[in-house]
**Student:** 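Encoded as structure tokens, here's the structure I'll be asking about.
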Amino acid sequence: MPDIKFIIENKALVEEGLAKKGYTKEDLDIDALIELYRNIAALKTSSQKLSEEKNKLSAQIKSASAEDRPDIIAKSKEIGEEFKRQDEELSKLEEEFNLMMLKVPNLPSPESPIGPDDSGNVVRRVVGEIPHFDFTPKDHIELMEFNDWSEMARIAKVSGARTYAIKNDLAKLELAMHMFVLDKLRSYGFSVITVPSVSKEKPLYGQGYLPFSRDEVYYLPQDDLYLSGTAELILNSLRADELLNENELPILYAGFSPCFRREAGAAGKDTRGLVRVHQFMKTEQFVICKDDINESEKWHKKLLEISEEVLQDFELPYRVLEVCTGDMGAPKYRQYDLEAWVPSQNCYRETHSCSNITDWQARRTNLRYRANADGKVRYVHTLNNTGIATPRALVPFIENHQNADGTVNIPVKLQPYMGGVKIIGKNAK
RNA sequence: GGAUAGAUGGCCGAGUGGUCGAAGGCGCACGAUUGGAAAUCGUGUGUACCUCUAAAGGGUACCGUGAGUUCGAAUCUCACUCUAUCCGCCA
């Protein structure tokens, strides 16, 4: 949701950005949007003039003589009626305009690779050695069964498809990963915060989930609430409508929450195991910073660096993908994905998604700050990145670190979070 | 679930029909004072939009949200939302 004035003044640029993101004129008609805005401005001017006149008359009434008074009142009433008519028309147009504005995506960074879909994503770097096993490696499901780490078949009976129940050392590992990442984020100055998984509707618009992908989110009609797909949703609205002091920035949150996704568009994909489930746990990095593209790009790099460090500490081979314009969601200015190596699938799978949203969400949540330099009020920039998301991250973790006897090595950095244990599994001593 | 109370500017808080964008305080900015700072004193300090513009200026709206009464609403009426406290229940 960029500024309408910016859209008018930079129409060519905006249309170019929309095209890069794969928008056609049918998706979003910028000319119609601008036309609508012009109509609103004209009507507003006209109705404000009426209001002005009416106010002037009202002010006279108190001091008017007894014989003038009825005339003034009558005139004022007349104007009032015309004003009401125009005002109603104005509300209608504004509602239409606002709905349209909610559909305007963020413009992509000039640095972002241009492409139609995920085929246009660019590998920026590949880190770590892909393991070569001198035995036949198990996939993560086999490892779980072998070590009595899960109840996948039974939980499907209870909770349906795409759910998981893991136990014993694997359950401990899942929680240890979050504790490890939360501690790391705290050391970088983030406030650790646990947040709810239910949300009212408004924050979904604030985040930019709505009006774009309603199918993806669980809805609780009895309470008119939604289940959150990520703590980003909650953190993005936590400070909504506030006017911050620049000295409060940047605000760094490490948010932990259970997350829920319907996976409506993923039918048939990753149906087994821990890769894609309806409910998972995520530690999220969320940053609120100044309205300065250099500043937010700096944070974007920093967030990426932190999650790369997580994967390195977990001793996982991974690659950094820069997501192309056509594969980015509407809110995003620039996006990197991290993908960790999954031996059983012989490919990299996404574990982290790191986005600079610039001021797009802040405009929706009305989150602003007063700049020290000139005292002006500006929208903040927001950024988000996965800290760690489980159980998905367990998949590359246990597959890459497995031994011939079915045990799994715990990387040195994580051992303190596992009570000093170096190897887990039924054959471990 | 039951019962009360409340929602005003960056924050706190006054304000029961026109002189209220709104007292006072805090905060913030600038200035004076000081060797420097604190304290003190002085001055200033809302947001959004429209119009005009080189700049200034002019105007409209906003006191939780929505409707209503009135020539005129922060103030009166109605509905709703949210918050706090107490009781009950509860991980």
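Residue numbering restarts at 1 for every chain, and letters A, B, ... go by the order of the sequence lines.
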**Student:** Would you measure the distance from the P atom in B/rU53 across to the matching atom in B/rU47 and give it in whole Å?
**Tutor:**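 Their P atoms lie roughly 24 Å apart.
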
**Student:** Given atom CZ of A/Arg363 and atom P of B/rA48, what is their separation to the nearest angstrom?
**Tutor:**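 Atom-to-atom, A/Arg363 to B/rA48, this comes out as 11 Å.
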
**Student:** Could you tell me whether A/Glu246 and A/Arg378 make a salt bridge, using a distance below 4.0 angstrom between a side-chain N and a carboxylate O?
**Tutor:** no

**Student:** Expressed in whole Å, how much space separates the C1' atoms belonging to B/rA14 and B/rC87?
**Tutor:** 33 Å

**Student:** If the cut-off is 4.0 Å, is A/Arg370 near the phosphate of B/rU47, judged by side-chain N/O to OP1 or OP2?
**Tutor:**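 Answer is yes, contact under 4.0 Å.
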
**Student:** Got a sec, which pairs hit side-chain hydrogen bond (donor to acceptor under 3.5 Å, both in side chains) with one end in residues 176-186 of chain A, sequence neighbours left out?
**Tutor:** A/His178-A/Thr283, A/His178-A/Thr390, A/Asp183-A/Tyr417, A/Lys184-A/Glu309, A/Lys184-A/Asp313

**Student:** Using atom P of each nucleotide, how far apart are B/rA74 and B/rC63 to the nearest Å?
**Tutor:** 7 Å

**Student:** Would you classify A/Lys202 as touching base, sugar-phosphate or nothing, given that sugar-phosphate means primed atoms plus P, OP1 and OP2, and contacts are heavy atoms under 4.0 Å?
**Tutor:** nothing

**Student:** Measure the CG-CD distance between A/Leu249 and A/Glu295 for me, rounded to the nearest 0.5 Å.
**Tutor:** 8.5 Å

**Student:** I need the CG-P distance between A/Leu243 and B/rC11, as an integer number of Å.
**Tutor:**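 One finds 8 Å between P of B/rC11 and CG of A/Leu243, rounded.
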
**Student:** Respond yes when some side-chain nitrogen or oxygen of A/Arg368 is under 4.0 Å from OP1 or OP2 of B/rA48, and no when none is.
**Tutor:**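 So the side chain of A/Arg368 is within the cut-off, an N or O lying under 4.0 Å from OP1 or OP2 of B/rA48.
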
**Student:** With a 4.0 Å cut-off on N to O distance, would you call A/Glu263 and A/Arg261 a salt bridge?
**Tutor:**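 No, this pair does not count.
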
**Student:** For atom C1', what is the distance between B/rU45 and B/rA22, given to the nearest Å?
**Tutor:** 15 Å

**Student:** Regarding A/Lys5, tell me which of base, sugar-phosphate or nothing describes its non-hydrogen contacts under 4.0 Å with the strands shown.
**Tutor:**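 Here A/Lys5 touches the backbone only, sparing every base.
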
**Student:** Take the protein atom NZ of A/Lys84 and the nucleotide atom C1' of B/rG68, then report the distance between them rounded to whole Å.
**Tutor:**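 Taking atom C1' of B/rG68 as the reference, NZ of A/Lys84 is at 9 Å.
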
**Student:** If I pick the P atom on B/rA37 and the same atom on B/rA55, what distance separates them, to the nearest angstrom?
**Tutor:** 37 Å

**Student:** What interatomic distance, in whole Å, is found between P of B/rU65 and the corresponding atom of B/rG9?
**Tutor:**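 Comparing P positions in B/rG9 and B/rU65 gives a spacing of 10 Å.
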
**Student:** How close or far is atom C1' of B/rU47 from atom CG of A/Leu244, stated in whole angstroms?
**Tutor:** 15 Å

**Student:** Any side-chain N or O of A/Lys44 under 4.0 Å from OP1/OP2 of B/rC49?
**Tutor:** no

**Student:** Distance check, rounded to the nearest 0.5 Å: A/Lys77 atom NZ versus A/Leu57 atom CG?
**Tutor:** 13.5 Å

**Student:** Measure from NZ on A/Lys77 to P on B/rG72 and round the result to the nearest Å.
**Tutor:**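 It is 8 Å, rounded to the nearest whole Å.
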
**Student:** Between B/rG72 atom P and A/Lys75 atom NZ, what is the distance in whole Å?
**Tutor:** 15 Å

**Student:** Quote, to the nearest angstrom, the C1' distance that separates B/rC20 from B/rU75.
**Tutor:**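 After rounding to an integer number of Å, I get 10 Å for this pair.
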
**Student:** Between atom CD of A/Glu145 and atom CE of A/Met152, what is the distance when rounded to the nearest 0.5 Å?
**Tutor:** 9.0 Å

**Student:** Could you give the distance separating B/rC11 and B/rG1 at their C1' atoms, to the nearest angstrom?
**Tutor:**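 Those two atoms are separated by 36 Å.
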
**Student:** Can you measure A/Asp241 atom CG to B/rC11 atom P for me and round it to whole angstrom units?
**Tutor:**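 Going from A/Asp241 (CG) to B/rC11 (P), I get 11 Å.
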
**Student:** Which sits closer to the 5' end of RNA chain B, A/Ala59 or A/Lys200, going by the nucleotide each is nearest to?
**Tutor:** A/Ala59

**Student:** So, OP1 or OP2 of B/rA61: does either fall under 4.0 Å of a side-chain N or O from A/Asn55?
**Tutor:** yes

**Student:** In Å and rounded to the nearest 0.5 Å, what is the NZ to CD distance from A/Lys413 to A/Glu315?
**Tutor:**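 The distance works out to 8.5 Å.
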
**Student:** Would you mind reporting whether A/Tyr379 and A/Arg364 have side-chain heavy atoms less than 4.5 Å apart?
**Tutor:** no

**Student:** For residues A/Ser307 and A/Asn385, determine if any side-chain heavy atom of one lies less than 4.5 Å from a side-chain heavy atom of the other.
**Tutor:** yes

**Student:** Regarding A/Gln312 and A/Tyr318, is there a side-chain donor-to-acceptor distance under 3.5 Å anywhere?
**Tutor:**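 There is such a pair (donor and acceptor under 3.5 Å, judged by atom type) between the side chains of A/Gln312 and A/Tyr318.
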
**Student:** Figure out the NZ/C1' separation between A/Lys56 and B/rG59, and round it to whole Å.
**Tutor:** 9 Å

**Student:** For A/Ile73 and A/Tyr379, find the nucleotide of RNA chain B closest to each by heavy atoms; which residue's nucleotide sits nearer the 5' end?
**Tutor:**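 Between the two, 5'-proximity favours A/Tyr379.
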
**Student:** Would you mind classifying the nucleic acid contact of A/Asn245 as base, sugar-phosphate or nothing, using non-hydrogen atoms under 4.0 angstrom?
**Tutor:**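 A/Asn245: no heavy atom of the nucleic acid under 4.0 Å.
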
**Student:** List every contact pair, protein side and nucleotides 51-58 of chain B side both N or O, where the distance is under 3.5 Å.
**Tutor:**
none

**Student:** Is A/Ser58 touching bases, backbone alone, or none of the nucleic acid, heavy atoms closer than 4.0 Å?
**Tutor:** base

**Student:** Which helical stems does RNA chain B take part in, if a stem means at least 3 consecutive Watson-Crick or G-U pairs with both distances below 3.5 Å?
**Tutor:** B:1-7 with B:81-87, B:10-12 with B:24-26, B:27-32 with B:40-45, B:46-51 with B:57-62, B:64-68 with B:76-80

**Student:** Of all the choices, B/rA61, B/rG18, B/rA48, which nucleotide is nearest to the side chain of A/Ser51 once you look at every atom?
**Tutor:**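 So the nucleotide nearest the side chain must be B/rA61.
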
**Student:** Classify the side-chain pair A/Asn356/A/Ser296 by whether it contains a donor and acceptor separated by less than 3.5 Å.
**Tutor:**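 A/Ser296 and A/Asn356 do have a side-chain donor-acceptor pair below 3.5 Å.
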
